[in-house]
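Notes follow the structure.
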Amino acid sequence: MKTIYKSAQEAVEPIQDGMTLMVGGFGLVGIPEQLILALVEKGVKDLTIISNNCGIDDWGLGLLLKEKQIKKMIASYVGENKEFERQALSGELEVELTPQGTLAEKIRAGGAGIPAFFTPAGVGTEIAEGKEIRVFNGKEYVLEESLTADFSLVRALKADTFGNLVYNKTAMNFNPMMAAAGNVTLAEAEEIVEVGQLEPGFIHTPSIYVQGLLQAEQEKRIERLTTR
Amino acid sequence: MKTIYKSAQEAVEPIQDGMTLMVGGFGLVGIPEQLILALVEKGVKDLTIISNNCGIDDWGLGLLLKEKQIKKMIASYVGENKEFERQALSGELEVELTPQGTLAEKIRAGGAGIPAFFTPAGVGTEIAEGKEIRVFNGKEYVLEESLTADFSLVRALKADTFGNLVYNKTAMNFNPMMAAAGNVTLAEAEEIVEVGQLEPGFIHTPSIYVQGLLQAEQEKRIERLTTR
Amino acid sequence: MTTANSRELIARRAEKEIANGDYVNLGIGMPTLVANYISPDKTVVLQSENGLLGIGPFPTEDEVDPDLINAGKETVTASIGAAYFDSAESFAMIRGGHIDVAILGGMEVSEKGDLANWMIPGKVIKGMGGAMDLVHGAKKIIVIMDHVSKKGEPKIKKQCDLPLTGKQVVNKIITERGLIEVTPDGLVLKEVFEGYTVQDVIDSTGADLKIDVNA
Amino acid sequence: MTTANSRELIARRAEKEIANGDYVNLGIGMPTLVANYISPDKTVVLQSENGLLGIGPFPTEDEVDPDLINAGKETVTASIGAAYFDSAESFAMIRGGHIDVAILGGMEVSEKGDLANWMIPGKVIKGMGGAMDLVHGAKKIIVIMDHVSKKGEPKIKKQCDLPLTGKQVVNKIITERGLIEVTPDGLVLKEVFEGYTVQDVIDSTGADLKIDVNA
């Protein structure tokens, strides 16, 4: 029932310069690898990217950064990436650092039609400067507004042809909330199965949030291999 | 790892007069049947109950109502229950009707440490009277505060001994958010399995939210039997 | 009052407002009937706010599962491709604008598109259920109802007298007499149904109607 | 600077703050070491804010799964009874007060329990990750760190000079020199570790210390 793209190039075709994109993943885990590569190839620029991290120098969102396709980055942790630091310090890149839980909740709120909410994270720090502070039950909270995107790019383990998604282990992370918060959501899945193959009680992202699907193999690079 | 009670009576033992309880279920589906019966037997009173509905005259929360154990009811729909209407109209019962989505979100917020959020539901109606209204992107929203409870009583299909829960079909409904919003959460499960028997990627309520477990058979009365 | 025939007519007309691929929420009562008339040429996914995306037909006696109901608390089945989820997720879906069409019943609709459908003061205490969330969330809100009350009084009025479910939320009203669009310029009568004239509809409507009937 | 030995001492002492049955979040760096010293007599569930409740040991080479990492982006395993979930649920857990203990690293802690651990202005841009949420969510916040900076300057001070992670959030500080509690009356030195005297700790601390050492 949903559009199944033949290639990542075809999937990202409608993404234009200046758009806001949410990109799933935590570190390199759960990132939509092929969609990111297709954005690099397409050369689309002046992007605002909302993602927990910004990849590493030679993989993931780091590739878009290297090609200077990102105008603004909204993230919680960007410490893995030297080029990021260089562009941020030089002023080439606009950066909005957001506490990770606030980022997750802003995206969740965006998909859920909640325009703003109060959270304790960041109260008394520079994150709360210029924002409304209000006391509930004797504790201070800061008002944070929701985030939405023109396109959300997510990575799933399995998709069915209706667009229901299942994620693998910690590759879930930001993907479900982003799937809900994108005006258009493109899901890159390791496998696309016939509708009816996924168990209705164990769907992580219901089909209503997904507009386009792409089947693609994943490299799954490991950032920090640690063994016993 | 979690307390597994031998009886519903034992499980509800610490519940005292005047407490606030969240009780899972939508209609009669997904209600913790035995815990409710034990509350009736215990005769605990002046309860504030947060639940989407209030049972029917002779089952579910309707039983607590009949015994006049409920002081205040926070719900979205109570139309199945004549005794409810009688007590509410006579002023014996305090009633706070809340839009269903707002109720779900207030409970979710309570478990998630969000003290308040803006929602469009109820703007321009009596629900929003006396509450703050604020405009975001040209649309009006009302500020709603979160809900928590002394005890949450939920009903699961399966629990493991750590307290991880899985729900069955539409018996999920309000149970997961309530499990998170209770200071103490008691889960009544049709089956308790050894830890390790539930698939980690498909747990509906992680064990962190659950303090006590009870295995109990369910009658599962049907409110409106409709067949083809 | 509508007869069974006119209820079918209303449901069939409402079905035309649903496009192939739409996600739809049908309210309790007459809106539920719409499900019976969805064209086999369309893939439509019905959402039930108690936590089901993909309502299937009513079950056979053997299929009845007490844990599987719709928002009207009727036993149902799940269709192929269905998903279950909790109530917070269900209303995230609704409030977040992901439902294409909601078809709701109504007690009164005003000329500005205000809807009253949840309460009659002093008479009954039922509660609004999910209606107040639905009217603000779905992309298109269609109210289907009898054109006039049991006493023959207009249900489409300059202003609602009953407590509101939502202000300026209705896009279209479908009754047994016709189809009315709520526009920034007021109510526009677009269709008149068999057995009624334009004048019949005007006479039984308590607000001004612009007439734009292609007949 | 702490040696490997003193890092172990700190981690072992921090472990004693964890009770049987606790749900615990361990920050990146030294806090991660605490996992190695959890008593086999305790059932402790470790939360990783990227969406895992129940971090197991590091994997063998055969067990490595690139889709299974901790918040420090290291490959891990899941322990028995584990659950995976999304980042919003993970921080609902954290913010909602469900984590019993969070053990975090620190750059500076003030006498009021303010914590700075995320940024050195003009030097590095990394981001706060989940630290700002954790300090407000967990029931008990324990900071483990070197007692003094590389230059030998106190890291426990009247006021933090670095940008804050949170105000009045720290409950206890454990360093290689001792254990300090943050109380409404100020900092209280409760334990002094081998190789140091009370005076050593006082001299290397940039804030007033009340002394309550049972020795």
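Because the structure is predicted, anything quoted here is derived from the model rather than measured.
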Notebook entry, point to check: Under the side-chain contact (heavy atoms from CB on, under 4.5 Å) test, which residues partner D:D185, sequence neighbours left out?
Noted result: D:T183, D:K210
Note to self: Using heavy-atom distances under 4.5 Å, tell me whether B:L198 contacts chain D through its side chain, its backbone, both, or neither.
What the structure shows: neither
Next item on the list: With the side chain counted from C-beta on, respond yes when D:V109 and D:N117 share a heavy-atom pair under 4.5 Å apart, and no when they do not.
Entry: no
Next item on the list: Have a look at B:V23 and tell me which of B:L64, B:L39, B:L61, B:L35 forms a side-chain contact (heavy atoms from CB on, under 4.5 Å) with it.
Entry: B:L61
Notebook entry, point to check: If you tally heavy-atom pairs under 4.5 Å against chain D, which of B:A109, B:G111, B:G110, B:G201 wins?
Noted result: B:G111
Please list every donor-acceptor pair closer than 3.5 Å that links chain D with chain B, giving the two atom names and the distance for each.
from  : atom 1 : to     : atom 2 : distance (Å)
D:Y23 : OH     : B:K2   : NZ     : 2.9
D:Y23 : OH     : B:S207 : O      : 3.4
D:Y23 : OH     : B:S207 : OG     : 2.7
D:G81 : O      : B:N164 : ND2    : 2.9
D:Y84 : N      : B:P200 : O      : 2.9
D:E89 : OE2    : B:Y209 : OH     : 2.6
D:R95 : NH1    : B:A112 : O      : 2.8
D:H98 : NE2    : B:G111 : O      : 2.8
D:H98 : NE2    : B:A180 : O      : 3.3

Checklist line | Heavy-atom closest contact (B:P32 atom, B:G24 atom, distance) | finding: CD-O, 3.6 Å
Item checked: Side-chain heavy-atom pair B:L186, B:F151 within 4.5 angstrom cut-off -> yes
Checklist line | Pairs satisfying salt bridge (Lys or Arg N to Asp or Glu O under 4.0 Å), at least one member in residues 26-39 of chain D, at least two apart | finding: none
Check: Do you know which of D:L52, D:I94, D:V45, D:I80 has the most heavy-atom pairs with chain B at a distance under 4.5 angstrom?
Finding: D:I80
Next item on the list: Mind checking side-chain contact (heavy atoms from CB on, under 4.5 Å) for D:P121 and listing every partner two or more places apart, or none if nothing turns up?
Entry: D:L162, D:P163
